[in-house]
**Q** 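Next up is a structure, given as structure tokens.
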Amino acid sequence: MCDIDRLNRIFYQLYQDDPIIVRAPGRINLIGEHTDYNNGFVLPAAIDKAVYVSISKRNDNKIFLHAEEYNENYIAHMDNLRQSKFHWSSYVLGVVEQLQKRNYQLTGFNIMVGGDVPVGAGMAASAAIECATVFALNELFELNISRLEMVKIAQKAEQEFVGLQCGIMDMFSSMYGKKGQVIKLDCRSLEYEYFPFEQDDVKIVLLDTSIKHSLASSEYNTRKKQCEEGVAMIQQHIPEVQSLRDATIEMLDKYVAQNKLIYNRCRFVIEEINRLLAACIDLQKNDINAFGKKMFATHKGLSKMYEVSCNELDIMVDLVKHNKAVIGARMMGGGFGGCTINIVREDAVEELIYDTREQYRERTGMNLNAYIASIEDGARLQKMPVSF
Ligand code: GLA
């Protein structure tokens, strides 16, 4: 939780102004990985770690940016937005660019980005910055943009300015999160449904490998292309198939089998979409053990067929998989580093973290950071300026 008075104080020292403050959370995803950009389903939730964006208007066309965590400053111009040497600034400027493209009227502003979503840990810190920024600009300039439109603006900012061809999951969860509920999102129709996930005796534990993933480093975009390639191969025979959501294993066996790599990528996605649907039934039946087994199966698929895991993530899942208190575990998010998500019996959490930390250090020489995530509400206005 961030101290709003402290943010106010720092903002005042920087800009001598009283800001609007917006909070947008990071996310977890229980199951349904790499399915969003294939028009499938996901099952994410917003968490108690969040980005805080503080913002106020300027009388010129400049954007003064400050990142609290790194104590870095940058000045951009509304009429000449470009990437800076600071990666974080792209998430803010990408949103401004999208708003401009849609003809929203903005002037210059001061902005400070802070919060406690660990960067590069697979909790979608970048989407949280984008969501907090668009939410804050919407308030500041009274733009009247709906939540769904803000989600789409944030996603486009990531795709066009940052260059990651991401799906909609991260932004959607940051905007639509609800306390105690996971979101079953149909990424094709954007229909969604909340499922309660308040298991009194289990906790969601995130075990961070300390390997910072860099998704934009092409592998993510490559996976997306490979899925599209598979769809194109099927389409030659069945034109109605628009995405892997419409495809079946039988279609793959028939039309994609000659290309083993593409086959594996597509097979994982189709299986994962089906696994998620079955996992939602487990949740409805309150069968958390069956749900957990599916998480392990997801990890195997992500590691062996989709190949977005890494040695450290595999070790992290390996270390817990025979522990009776661990109901399910898998890598979470885009991959190549970041966290595993673990559903753990509450009374065993402390011991599990302690043991795993020791063993992880022994096997990799790396530190393990652990977070217990609670499911919270999505983006919201945290504070208006006194004078507004
Ligand atoms: C990243 C992307 C999401 C999603 C996940 C994998 O977090 O931003 O859109 O594709 O990877 O499920």
Side-chain angles (χ1 to χ4, degrees), residues 24-47 49 51 87 90-91 94 117-131 151-177 182-188 190 192 206 208 211-228 243-245 265 268-273 275-276 279 294-295 298-299 301-303 305-310 313 330-341:
R27 61 104 188 91
I28 51 169
N29 184 27
L30 283 184
I31 200 159
E33 217 65 90
H34 288 274
T35 46
D36 58 354
Y37 54 84
N38 286 301
N39 273 344
F41 293 88
V42 287
L43 200 64
I47 54 172
K49 305 238 164 282
V51 162
H87 200 237
S90 296
Y91 305 120
V117 188
V119 172
M123 293 181 222
S126 51
I129 300 178
E130 288 150 354
C131 286
V151 167
K152 291 180 180 169
I153 289 170
Q155 183 191 12
K156 266 269 178 289
E158 179 89 29
Q159 291 176 338
E160 292 187 0
F161 203 85
V162 182
L164 181 77
Q165 297 309 313
C166 66
I168 202 166
M169 168 170 76
D170 300 351
M171 294 79 186
F172 198 95
S173 9
S174 187
M175 283 285 182
Y176 283 84
V182 292
I183 312 165
K184 179 186 174 194
L185 171 66
D186 178 338
C187 301
R188 180 166 65 187
L190 298 185
Y192 61 100
L206 306 178
D208 187 354
I211 304 281
K212 302 275 172 234
H213 64 174
S214 170
L215 286 176
S217 66
S218 82
E219 285 297 323
Y220 184 95
N221 293 349
T222 304
R223 291 299 175 283
K224 183 162 185 267
K225 279 215 191 83
Q226 289 166 339
C227 293
E228 286 161 2
S243 66
L244 288 178
R245 168 75 175 276
R265 304 293 193 247
F268 165 76
V269 172
I270 296 172
E271 284 181 356
E272 181 71 354
I273 294 172
R275 198 159 29 232
L276 180 144
K294 294 188 176 66
M295 292 173 73
T298 291
H299 184 79
L302 286 166
S303 174
M305 292 169 97
Y306 214 63
E307 295 182 283
V308 290
S309 185
C310 62
L313 282 167
R330 63 176 194 82
M331 58 149 279
M332 185 178 76
F336 306 104
C339 285
T340 61
I341 176 169

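Below, each value reflects all heavy atoms present in this structure, side chains not excepted, and no hydrogens, waters or symmetry copies. In listed order, ligands and their atoms are each counted from 1. For the single chain, residues carry numbers from 1 onward in sequence order.
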**Q** Considering only heavy atoms, does Met331 approach ligand 1 within less than 4.0 Å through its side chain, its backbone, both, or neither?
**A**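 For Met331, no heavy atom sits under 4.0 Å from ligand 1.
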**Q** Give the atoms of ligand 1, by number and element, whose distance to some non-hydrogen atom of Arg27 is under 4.0 Å.
**A**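 Near Arg27, meaning under 4.0 Å from one of its heavy atoms, ligand 1 has 7 (O).
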**Q** Any donor and acceptor pair, going by atom type alone, linking the side chain of Glu33 with main-chain N or O of Met332 inside 3.5 Å?
**A**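 No, the answer is negative, given that no donor and acceptor are paired below the 3.5 Å cut-off.
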**Q** Among Leu313, Ile211, Val308, which residue satisfies the side-chain contact (heavy atoms from CB on, under 4.5 Å) criterion with Phe336?
**A**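 Exactly one pass, corresponding to Val308.
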**Q** Closer than 4.0 Å to some heavy atom of Tyr220 - which atoms of ligand 1 meet that?
**A**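 In order of number, 1 (C), 2 (C), 3 (C), 4 (C), 9 (O), 10 (O), 11 (O).
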**Q** Any side-chain to backbone donor/acceptor pair from Ser174 onto Asp170? Under 3.5 Å, distance only.
**A**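 Such a contact is absent between Ser174 side chain and Asp170 backbone.
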**Q** Between His87 and Tyr91, how do the two ring planes meet: parallel, tilted or perpendicular, split at 30° and 60°?
**A**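 The arrangement is perpendicular - the two ring planes meet at more than 60°.
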**Q** Which ligand 1 atoms, with their elements, are less than 4.0 angstrom from a heavy-atom of Gly333?
**A**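 Counting atoms of ligand 1 from 1, those under 4.0 Å from Gly333 are 6 (C), 11 (O).
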**Q** Under the criterion side-chain hydrogen bond (donor to acceptor under 3.5 Å, both in side chains), I'd like the reasoning laid out for Arg275 against Thr298: C-alpha separation, chi angles, the key distance, then a yes or no.
**A** CA-CA 8 Å; Arg275 198 159 29 232; Thr298 291; 3.2 Å; yes
**Q** Using a strict 4.0 Å cut-off to heavy atoms of Met169, name the atoms of ligand 1 that fall inside it.
**A**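 Listed by number with element: 4 (C), 5 (C), 12 (O).
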**Q** Less than 4.0 Å between a side-chain N and a carboxylate O, is that true for Arg265 and Glu307?
**A**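 Looking at Glu307 and Arg265, the cut-off is met.
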**Q** Regarding ligand 1, does Tyr37 bring an N or O atom to under 3.5 Å of one of the ligand's N or O atoms?
**A**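 Tyr37 vs ligand 1: no N/O contact under 3.5 Å.
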**Q** Out of Asp36, Asn38, Asn29, who gets a non-hydrogen atom closest to atom 9 (O) of ligand 1?
**A**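 Heavy atom nearest to atom 9 (O) of ligand 1 belongs to Asp36.
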**Q** Could you tell me which atoms of ligand 1, counted from 1 in the order shown, lie closer than 4.0 angstrom to a heavy atom of Gly167?
**A**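 Reading through ligand 1 atom by atom, the close ones are 9 (O).
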**Q** If you measure from atom 11 (O) of ligand 1 to every heavy atom of Gly32, Gly334, Gly338, Ser126, which option wins on shortest distance?
**A**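 Result: the heavy atom closest to atom 11 (O) of ligand 1 is in Gly334.
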**Q** Relative to the ring of Phe268, is the ring of Tyr306 parallel (under 30°), tilted (30 to 60°) or perpendicular (over 60°)?
**A**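 Tyr306 vs Phe268 ring planes: tilted.
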